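Single-structure report; data block below.
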Amino acid sequence: MQQTNYIDNLLSLIRKATSQFHTVEAVKDQLAKQGYEELCWKNNWNLQKGGKYMVIHHGSSIFAFTIGSHFQEKESFRIAAAHGDFPGFRIKPNPEIVTEGYVQLNTEVYGGVNLASWLDRPLSIAGRVVLRSEDVFHPEVRLIDFKRPLLTIPNIAIHLQKEMNQGVELNRQTQMIPLLGKLAEGEKKEGYFANLLAEEMGVKAEDILEYELNVYNFEEGCLTGAKEEFISAPSLDNLTSVQALATAIIDADRTKGINCAIVYDHEEIGSRSKQGAQSTLIVTILKKIYAALGYSETAFSNAIMDSLLISADVSH
């Protein structure tokens with residue numbers, strides 16, 4: 001693959017991956033176009049040598065693997081893992097804060113955020129919404145991306161804070177609250193955001209049971225520099241590694257062993273969730289692969305002894 005294609009694929013992923021759920025969907029689309037078969041966690045797997053497969057967990061982690069066409073017992077795993085979440089802000093339940101008729105959304109900082117870099121930018125909203133359905137045990141789950149600038153976190157004018165250029169510590173709870181809109185005369189703040197969300201999705205506000213929504217930088221990535229040798233884009237931590245893993249497993253031509261590419265969630269907050277890197281996810285999947293190929297747990301343990309795992313993340 002030519003270098004320009006690598007860059008185009010990365011910028012395309014960044015445009016699409018506006019939440020951890022959209023990251024997984026974007027990777028899934030790349031893999032599906034290359035013939036990867038999606039498997040269900042709770043089913044028995046019928047795996048074939050030379051096969052290409054993927055498994056999605058909780059909508060925000062994805063595990064892709066290929067089985068060598070000449071695979072034999074004891075052949076090792078080659079694994080690389082990255083994370084598909086990124087620093088930002090998550091919208092709280094009942095988030096409306098209204099002052100002098102201006103509507104702000106109460107948020108929580110997610111991950112290691114460079115707060116100053118979020119000021120005075122066009123921001124949008126993306127994530128996952130849970131809707132009421134006929135089956136109370138299986139509510140409807142939809143992804144949403146407003147795909148337009150909805151919010152901004154305005155900076156204060158310098159003549160009102162003359163020491164600004166000397167370095168000012170930003171308060172997460174009072175100075176980093178995104179501005180959404182202004183109430184019309186007589187308009188109520190209750191349900192302001194829920195109604196906006198319902199209108200965007202074409203549903204009733206009362207059918208929205210829960211949501212997990214990100215505020216994200218609406219500005220698209222681009223090439224910079226005299227020879228376009230640099231990339232300026234949001235969420236490079238860690239979508240650069242996510243795209244590298246997707247490209248690597250698609251391009252790999254390994255006739256022996258098992259290749260694995262994993263995109264986890266929640267690295268920014270410790271990876272200890274059920275879809276994070278410290279979960280039992282990887283062990284469960286690798287054991288299922290070996291069992292589906294007809295090998296014993298002892299054979300699996302033997303293969304692990306000669307395997308390799310790379311944790312792929314960006315650094316400065």
Side-chain angles (χ1 to χ4, degrees), residues 9-10 13-14 16-32 34 36-42 45 52-66 76-90 108-113 126-128 141 143 145 212-214 216 233-250 252 258-290 300 304 307-316:
N9 288 342
L10 174 59
L13 175 70
I14 291 172
K16 296 173 182 177
T18 50
S19 75
Q20 67 276 36
F21 308 108
H22 290 82
T23 301
V24 167
E25 285 297 307
V27 173
K28 174 185 172 181
D29 288 345
Q30 290 187 45
L31 296 172
Q34 300 299 322
Y36 280 72
E37 176 186 347
E38 185 174 357
L39 304 173
C40 179
W41 272 94
K42 62 183 180 181
W45 295 348
K52 301 183 290 187
Y53 306 95
M54 57 181 168
V55 193
I56 295 174
H57 185 56
H58 203 63
S60 62
S61 292
I62 185 168
F63 190 113
F65 63 95
T66 61
S76 59
F77 295 96
R78 293 291 181 263
I79 307 168
H83 65 94
D85 62 324
F86 33 81
F89 298 84
R90 299 287 172 89
E108 181 66 31
V109 171
Y110 177 85
V113 177
R128 180 168 69 178
V141 179
L143 299 190
D145 185 348
E212 189 173 351
L213 297 173
N214 297 346
Y216 73 90
S235 308
L236 291 174
D237 178 11
N238 186 31
L239 294 183
T240 48
S241 299
V242 171
Q243 185 56 54
L245 264 59
T247 300
I249 198 166
I250 288 171
I258 296 174
N259 288 340
C260 308
I262 313 171
V263 178
Y264 284 114
D265 192 11
H266 294 151
E267 186 275 344
E268 290 290 337
I269 54 173
S271 301
R272 300 184 67 179
S273 66
K274 59 183 175 294
Q275 61 267 44
Q278 292 195 55
S279 68
T280 60
L281 178 61
I282 187 171
V283 176
T284 301
I285 288 181
L286 297 183
K287 283 185 175 181
K288 286 199 70 163
I289 292 172
Y290 247 59
F300 164 76
I304 287 292
S307 294
L308 173 70
L309 188 151
I310 295 174
S311 177
D313 207 342
V314 295
S315 186
H316 298 282

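Worth saying up front: this structure is predicted, and the values here are computed from it rather than measured. Starting from 1, each residue takes its place in the sequence as its number.
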Which residues pass the salt bridge (charged side-chain N to carboxylate O under 4.0 Å, His left out) test with Arg78, not counting sequence neighbours?
none

To the nearest 0.5 Å, what is the distance between OH on Tyr264 and CD on Gln278?
10.5 Å

Straight-line distance of Ser241 OG to Glu267 CD, nearest 0.5 Å:
10.0 Å

Test your reading of the model: is there a side-chain donor-acceptor pair from Thr284 to the backbone of Thr280, 3.5 Å cut-off?
yes

On a heavy-atom basis, which atom in Leu10 and which in Thr240 lie closest, and how many Å separate them?
CD1-CA, 3.8 Å

Between Phe77 and Tyr290, is the gap from one ring center to the other below 6.0 Å?
yes

If we count only N and O atoms by modelled type, under 3.5 Å, do the side chains of Asp145 and Thr18 hold a donor and an acceptor together?
yes

Val24 vs Ile56 side-chain heavy atoms within contact, under 4.5 Å
yes

Leu39 vs Glu37, test: side-chain contact (heavy atoms from CB on, under 4.5 Å). Steps then yes/no.
CA-CA 6 Å; Leu39 304 173; Glu37 176 186 347; 3.9 Å; yes

dist Leu286:CG -> Ser307:OG (nearest 0.5 Å) comes out at 8.0 Å

In the structure I gave you, are the side-chain heavy atoms of Leu308 and Ser76 within less than 4.5 Å of one another anywhere?
no

Any carboxylate oxygen within less than 4.0 angstrom of a Lys/Arg side-chain nitrogen, looking at Lys16 and Glu25?
no

Would you mind reporting whether Gln20 and Asn214 have side-chain heavy atoms less than 4.5 Å apart?
yes

Contact between Tyr53 and Ile285 at the side-chain level, heavy atoms closer than 4.5 Å - yes or no?
no

Shortest non-hydrogen contact between Phe86 and Asp237, atoms and distance
CB-O, 3.3 Å

Looking only at side-chain N and O atoms, does Ser273 offer a donor or acceptor that is under 3.5 Å from a partner on His266?
yes

Provide the closest heavy-atom pair for Ala261 versus Ile249 in the form atom of the first, atom of the second, distance.
N-CD1, 3.7 Å

To the nearest 0.5 Å, what is the distance between CD1 on Ile262 and CD1 on Ile62?
11.0 Å

So, for Ala26 and Leu13, which heavy atoms are closest and what is the spacing to 0.1 Å?
CB-CD1, 3.6 Å

Should Leu31 and Ile250 count as side-chain neighbours, where that means a heavy-atom distance under 4.5 Å?
yes

Any side-chain heavy atom of Val141 within less than 4.5 Å of one from Arg128?
yes

For Trp41, is there any backbone N or O sitting under 3.5 Å from a side-chain donor or acceptor partner on Lys288?
yes

Is the closest side-chain donor-acceptor distance between Gln275 and Ser279 under 3.5 Å?
no

side-chain contact (heavy atoms from CB on, under 4.5 Å) assessment of Ile258 paired with Thr66:
CA-CA 6 Å; Ile258 296 174; Thr66 61; 6.0 Å; no

CE of Met54 to CD of Gln30: how many Å apart, nearest 0.5 Å?
11.0 Å

His57 side chain to Lys274 main-chain N or O, any donor-acceptor pair under 3.5 Å?
yes

Thinking salt bridges, do Glu212 and Arg90 make one under a 4.0 Å N-O criterion?
yes

Just how far is it from atom NE2 of His22 to atom OG of Ser60, taken to the nearest 0.5 Å?
12.5 Å

Do Tyr110 and Asp85 pass the side chain to side chain donor-acceptor pair (under 3.5 Å) test, and can you show the C-alpha distance, the side-chain angles, and the key distance before you say yes or no?
CA-CA 10 Å; Tyr110 177 85; Asp85 62 324; 2.5 Å; yes

Residue pair Ala312 / Leu245: nearest heavy atoms and the distance that separates them:
CB-CD1, 3.9 Å

Partner residues of Val109 under the side-chain contact (heavy atoms from CB on, under 4.5 Å) criterion, sequence neighbours left out:
Phe89, Val113, Leu115, Arg172

Grab the two heavy atoms, one from Cys260 and one from Phe65, that are nearest each other, plus how far apart they are.
SG-CB, 4.1 Å

